[in-house]
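Counting starts at 1 for both ligands and their atoms, in listed order.
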Amino acid sequence: MLDDIERVLLTQEEIKEKVKELGEKISKDYKGKNLLLVSVLKGSIVFMADIMRSITEHCRIDFMAVSSYGSSTKTSGVVKILKDLDIPLEGYDVLIIEDILDSGMTLDYIKKLLKGRNPASIKICTLLDKPARRKVDIKADYLGFSIPDEFVVGYGLDYAEKYRNLPFIGVLKPQIYN
Ligand code: IMP
Ligand code: MG
């Protein structure tokens, strides 16, 4: 598996430090609020597991699964709900936890969908952002790292459902997907 990685983009230590920082900010901003973390499966599971433990205020969690990619590295533009949330959103301050904001189509779709369910508020927290590839006007309210336009894997992010278990974020060798 390690042989398929061209280089490490973000080390475990860098990610850990950033998650701590984000958790402190979120804890402060959501003090006294009714926080519900919504993790978008599967890419955000590792980030979700870490960020929820860096939040020092009460929060609830829920999960939804969508598909937009298949095994290709470019977005199809089609978002399909594979698993919906269990919790009705009314009255909750929803914070969507995502692995990466790329074209933005997935998060744009999810945010609009969830907004329609009347949450008290709705914001986005994403670990990674590739601003160069944005197709719709959407911004993260909490962002870990802006990264260059390269295909990355690890820390939950996959290529063809593999590499999610890498503890760091690395650039995949292009010959793996070309
Ligand atoms: P968007 O709709 O183009 O913003 O795509 C967001 C989704 O695409 C993320 O949740 C990821 O699953 C996937 N994705 C985008 N870029 C990468 C990448 O570099 N590595 C792995 N997955 C990616
Ligand atoms: Mg994904």
Side-chain angles (χ1 to χ4, degrees), residues 1-12 14-15 18-19 22 26 36-52 61-85 94-116 122-178:
M1 176 168 71
L2 290 172
D3 291 343
D4 299 349
I5 304 302
E6 192 164 84
R7 64 175 207 283
V8 176
L9 189 68
L10 298 164
T11 65
Q12 279 177 268
E14 286 172 309
I15 298 170
K18 186 63 78 177
V19 168
L22 286 172
I26 292 167
L36 174 66
L37 302 176
V38 168
S39 159
V40 185
L41 296 171
K42 305 171 196 165
S44 71
I45 58 149
V46 183
F47 182 40
M48 177 72 161
D50 284 345
I51 195 98
M52 62 187 276
I61 64 169
D62 204 353
F63 297 86
M64 74 185 295
V66 300
S67 76
S68 58
Y69 267 59
S71 60
S72 146
T73 59
K74 297 264 146 65
T75 189
S76 65
V78 180
V79 179
K80 206 170 90 189
I81 297 205
L82 305 175
K83 185 227 172 282
D84 207 339
L85 299 173
V94 173
L95 185 58
I96 302 171
I97 306 292
E98 247 290 38
D99 51 356
I100 185 166
L101 191 48
D102 188 36
S103 75
M105 294 212 265
T106 308
L107 270 179
D108 187 55
Y109 178 87
I110 293 174
K111 194 178 175 185
K112 281 181 182 147
L113 177 83
L114 300 188
K115 212 171 177 174
I122 183 156
K123 286 193 172 169
I124 292 171
C125 172
T126 178
L127 180 66
L128 306 176
D129 184 17
K130 275 189 206 168
R133 293 186 25 102
R134 195 76 84 254
K135 285 205 194 99
V136 294
D137 183 28
I138 187 164
K139 267 206 206 105
D141 301 281
Y142 301 91
L143 168 65
F145 306 91
S146 253
I147 63 167
D149 183 11
E150 288 175 294
F151 198 79
V152 294
V153 293
Y155 197 74
L157 290 119
D158 73 306
Y159 171 66
E161 298 296 332
K162 293 188 292 190
Y163 309 101
R164 295 193 196 275
N165 55 319
L166 281 174
F168 57 86
I169 290 172
V171 176
L172 194 60
K173 284 181 181 164
Q175 62 259 41
I176 302 295
Y177 54 82
N178 281 334

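Residue-ligand proximity, S103 to ligand 1, at heavy-atom distances under 4.0 Å covers atoms 1 (P), 2 (O), 3 (O), 4 (O). The contact set between ligand 1 and E98, taken as ligand atoms under 4.0 Å from a residue heavy atom, comprises 10 (O). Heavy-atom proximity to K130, at under 4.0 Å, picks out these atoms of ligand 1: 16 (N), 17 (C), 18 (C), 19 (O). If you number the atoms of ligand 1 from 1 as listed, the ones under 4.0 Å from a heavy atom of M105 come out as 2 (O), 4 (O). Atoms of ligand 1 lying under 4.0 Å from any heavy atom of T106, numbered from 1 in the order shown and given with element: 1 (P), 2 (O), 5 (O), 6 (C). Distances below 4.0 Å separate heavy atoms of D102 from the following atoms of ligand 1: 1 (P), 3 (O), 4 (O), 5 (O), 15 (C), 16 (N). Listed by atom number, the atoms of ligand 1 under 4.0 Å from E150 heavy atoms are 19 (O).
No side-chain heavy atom of L127 sits under 4.5 Å from any side-chain heavy atom of L143. Residues I169 and L128 are in side-chain contact: their nearest non-hydrogen atoms beyond the backbone lie under 4.5 Å apart. Counting heavy atoms from C-beta outward, I147 and L9 have side chains that approach closer than 4.5 Å.
Distance check, rounded to the nearest 0.5 Å: CZ of F63 to OG of S44 gives 7.5 Å. One finds the CD1 atom of I5 at 5.5 Å from the CZ atom of F168 (value rounded to the nearest 0.5 Å).
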> For E150 and K130, what are the C-alpha separation, side-chain angles and deciding distance, and is it a salt bridge (charged side-chain N to carboxylate O under 4.0 Å, His left out)?
Replying inline: CA-CA 8 Å; E150 288 175 294; K130 275 189 206 168; over 6 Å; no
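For atom 14 (N) of ligand 1, the nearest non-hydrogen atom from the set L9, I100, V171, V152 comes from I100. Considering only non-hydrogen atoms, atom 18 (C) of ligand 1 lies nearest to F151 out of Y163, Y177, Y159, F151.
Judged by distance alone, the side chain of K173 and the main-chain N or O of D3 form a donor-acceptor pair under 3.5 Å. Checking side-chain atoms of D158 against main-chain N and O of Y163 turns up no donor-acceptor pair under 3.5 Å.
Some N or O of G104 is nearer than 3.5 Å to an N or O of ligand 1, by distance alone.
Nearest heavy-atom pair across D149 and A132 is CB-CB, 4.4 Å.
Remark: distances from the non-hydrogen atoms of D158 to ligand 1 include one below 4.0 Å. Ligand 1 has L157 within reach: a non-hydrogen atom of the residue lies less than 4.0 Å from it. Note on ligand 1: V153 sits outside its first shell, no heavy atom being nearer than 4.0 Å.
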